[in-house]
Undergrad: 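Please read through the structure below; I'll follow up with questions.
Chain letters run A, B, ... following the sequence lines, proteins first and then strands; every chain starts at 1. No hydrogens, no waters, no symmetry mates; every other heavy atom, side chains included, goes into these values.
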Protein chains: 2
Amino acid sequence: MVYGSGAADAAADDRLDAVFAALAHPVRRELVQSLARADAPLTMGRAAAAHGLSPQLLNKHAAALERAGVVRRVPRGREKVLELDAAALAAAQQWIGEARAFWQQRFDALDQYIADLEDESA
Amino acid sequence: MVYGSGAADAAADDRLDAVFAALAHPVRRELVQSLARADAPLTMGRAAAAHGLSPQLLNKHAAALERAGVVRRVPRGREKVLELDAAALAAAQQWIGEARAFWQQRFDALDQYIADLEDESA
DNA sequence: GCAATACTAAACCACATGGTTTATGGTTCG
DNA sequence: CGAACCATAAACCATGTGGTTTAGTATTGC
């Protein structure tokens with residue numbers, strides 16, 4: 001154990017806040033999907049057109065994704081290409097996975113508990 | 001393919017909105033963790049006390065989790081026990097997983113593409 | 001029935017967010 | 001240089017969210 005075990009440091013917490021919040025909007029999820037499947041680098045302009053968004057609005061959504069570390073905007077000439085950073089997604093996915101793992105184990109324990117009760121009452 | 005492939009029906013979309021939004025708050029994530037690890041049924045009152053929240057505030061957070069289908073509130077006497085529904089979490093986790101899978105495959109394809117370029121230039 | 005208990009509803013406030021319109025910094029290309 | 005283009009900033013509005021205070025609705029137990 002390195003620092004605190006119960007409080008689960010605040011920086012990671014903030015990051016998860018941002019990642020989950022970023023994914024909590026259909027447009028941003030579609031954006032992420034586009035980036036995940038894209039076979040060619042996607043610029044802001046092309047992304048906006050592809051999703052029928054104004055450049056300004058896309059900019060805001062891209063900023064949200066960037067805040068969360070899900071996406072980087074890399075300048076190339078006068079345009080910027082969007083790059084997905086799968087690490088942030090992995091962190092969120094892992095969080096859910098851990099919660100589910102705990103739950104599964106608790107579920108099994110409850111099962112056992114109920115079985116024990118039935119043994120006693122038998 | 002059943003209905004539309006591009007639009008990915010709106011109901012599932014709304015559900016994901018709610019689940020990700022629900023997880024985008026540290027208190028609610030801690031709540032979920034509590035429920036996942038709990039070895040005894042957790043009531044609203046006990047949950048509020050455990051996290052140092054007013055009953056009213058916990059009620060709001062619980063409502064958010066319930067909207068998302070992450071949690072159910074089952075009346076038992078004059079209190080309500082919180083039950084976690086892992087299915088909603090699974091849906092969110094799976095969404096991320098798919099995005100990551102696509103990305104991985106695109107990543108490999110890009111790798112191949114670059115290798116091809118280097119072959120040509122050699 | 002009555003008091004205490006457990007949860008919920010409502011009103012309200014400060015602040016964040018999604019979205020539009022308008023305007024501004026850079027970068028290419030004629 | 002100047003015009004066109006890409007991306008962003010700023011101002012602004014409507015709505016949603018986190019949080020508190022206050023009040024209300026059941027349910028237990030005397």
Side-chain angles (χ1 to χ4, degrees), chain A residues 10 13-35 38 40-84, chain B residues 10 13-35 38 40-84:
Chain A
D13 231 44
D14 286 358
R15 177 177 212 96
L16 280 179
D17 283 6
V19 175
F20 283 125
L23 296 182
H25 195 290
V27 165
R28 286 187 302 250
R29 282 200 305 278
E30 282 177 28
L31 236 297
V32 168
Q33 284 186 328
S34 289
L35 289 174
L42 203 51
T43 68
M44 294 287 286
R46 284 184 52 77
H51 293 276
L53 302 174
S54 71
Q56 299 91 328
L57 184 50
L58 175 67
N59 187 44
K60 283 200 168 188
H61 284 303
L65 288 166
E66 198 172 40
R67 255 199 314 273
V70 175
V71 140
R72 283 183 305 269
R73 280 181 281 191
V74 179
R76 194 163 78 180
R78 69 178 156 185
E79 45 190 21
K80 297 201 179 172
V81 316
L82 288 168
E83 281 183 8
L84 200 150
Chain B
D13 231 44
D14 286 358
R15 178 179 210 94
L16 280 179
D17 282 7
V19 175
F20 282 124
L23 296 182
H25 195 289
V27 165
R28 282 183 309 247
R29 282 199 305 279
E30 281 178 29
L31 236 298
V32 168
Q33 284 186 328
S34 289
L35 289 175
L42 204 50
T43 68
M44 294 287 286
R46 286 183 52 77
H51 293 276
L53 302 174
S54 71
Q56 299 90 329
L57 184 50
L58 175 68
N59 187 44
K60 282 199 169 187
H61 285 303
L65 288 167
E66 198 172 40
R67 256 199 313 275
V70 175
V71 141
R72 282 183 304 269
R73 280 180 282 190
V74 179
R76 194 163 77 178
R78 67 177 155 185
E79 45 190 23
K80 298 202 178 170
V81 314
L82 288 168
E83 282 183 9
L84 201 151

Undergrad: Considering only heavy atoms, which members of residues 45-54 of chain A lie under 4.0 Å from some atom of DNA chain D?
TA: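 The stretch gives A/G45 as the residues lying under 4.0 Å from the strand, ordered by number.
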
Undergrad: I want to check one thing: is the phosphate of C/dC7, taken as OP1 and OP2, less than 4.0 Å away from some side-chain N or O of B/N59?
TA: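 No, because none of the side-chain N or O atoms of B/N59 sits under 4.0 Å from OP1 or OP2 of C/dC7.
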
Undergrad: Any chance you could measure A/D13, atom CG, to B/H25, atom NE2, to the nearest 0.5 Å?
TA: 10.0 Å

Undergrad: Test of understanding: with side-chain contact (heavy atoms from CB on, under 4.5 Å), list the residues that count as partners of A/A24, not counting sequence neighbours.
TA: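 With neighbours one apart ignored, the set is B/F20, B/A21.
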
Undergrad: Considering residues at least two apart in sequence or located in another chain, which fulfil the salt bridge (charged side-chain N to carboxylate O under 4.0 Å, His left out) criterion with B/R72?
TA: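 Result, salt bridge (charged side-chain N to carboxylate O under 4.0 Å, His left out) vs B/R72: B/E83, B/D85.
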
Undergrad: How would you list, by chain and number, every residue that makes a salt bridge (charged side-chain N to carboxylate O under 4.0 Å, His left out) with A/R67, sequence neighbours excluded?
TA: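 By the salt bridge (charged side-chain N to carboxylate O under 4.0 Å, His left out) rule, A/R67 matches no residue at all.
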
Undergrad: I'd like a table of atom pairs between the protein and nucleotides 17-19 of chain C - only N or O on both sides, under 3.5 Å - with the distance next to each one.
TA:
{"from": "C/dG18", "atom 1": "OP1", "to": "A/R28", "atom 2": "NH1", "distance (Å)": "3.0"}
{"from": "C/dG18", "atom 1": "OP1", "to": "A/R28", "atom 2": "NH2", "distance (Å)": "3.1"}
{"from": "C/dG19", "atom 1": "OP2", "to": "A/H61", "atom 2": "NE2", "distance (Å)": "2.9"}
{"from": "C/dG19", "atom 1": "N7", "to": "A/K60", "atom 2": "NZ", "distance (Å)": "3.0"}
{"from": "C/dG19", "atom 1": "O6", "to": "A/K60", "atom 2": "NZ", "distance (Å)": "2.4"}

Undergrad: For a 4.0 angstrom threshold against heavy atoms of chain A, report the outermost contacting nucleotides of DNA chain D in 5' to 3' order.
TA: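 Both ends considered, the range comes out as D/dA4 to D/dA9.
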
Undergrad: Which whole-number value in Å describes the distance from B/L65 CG to C/dT8 P?
TA: 13 Å

Undergrad: Protein within reach of the bases, or only the backbone? For nucleotides 23-30 of chain C, mark each nucleotide 5' to 3' as B, S or -, using heavy atoms under 4.0 Å.
TA: ----BB--

Undergrad: Quick check on the helix from C/dG1-D/dC30 to C/dG30-D/dC1: what's the angle between its two end axes, five base pairs per end, to the nearest 10°?
TA: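 Rounded value for the end-axis angle: 20°.
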
Undergrad: Could you tell me the separation between the CG atom of A/L42 and the CG atom of A/L84, rounded to the nearest 0.5 Å?
TA: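 Answer rounded to 0.5 Å: 10.5 Å.
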
Undergrad: Which atom names give the shortest non-hydrogen contact between A/K80 and A/P75, and what distance separates them?
TA: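 Shortest heavy-atom separation between A/K80 and A/P75 comes out as CG-CA, 4.0 Å.
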
Undergrad: Strictly by side chain to side chain donor-acceptor pair (under 3.5 Å), give each pair with a member in residues 41-52 of chain B just once, sequence neighbours left out.
TA: B/S34-B/H51

Undergrad: Can you pull the side chain to side chain donor-acceptor pair (under 3.5 Å) pairs that have at least one residue in residues 14-23 of chain B, sequence neighbours excluded?
TA: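 Output for this query lists A/R29-B/D17.
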
Undergrad: Got a list of side-chain donor-acceptor pairs under 3.5 Å for residues 53-65 of chain B, not counting sequence neighbours?
TA:
{"from": "B/S54", "atom 1": "OG", "to": "B/L57", "atom 2": "N", "distance (Å)": "3.1"}
{"from": "B/N59", "atom 1": "OD1", "to": "B/R73", "atom 2": "NH1", "distance (Å)": "2.7"}
{"from": "B/H61", "atom 1": "ND1", "to": "B/R28", "atom 2": "NH1", "distance (Å)": "3.3"}

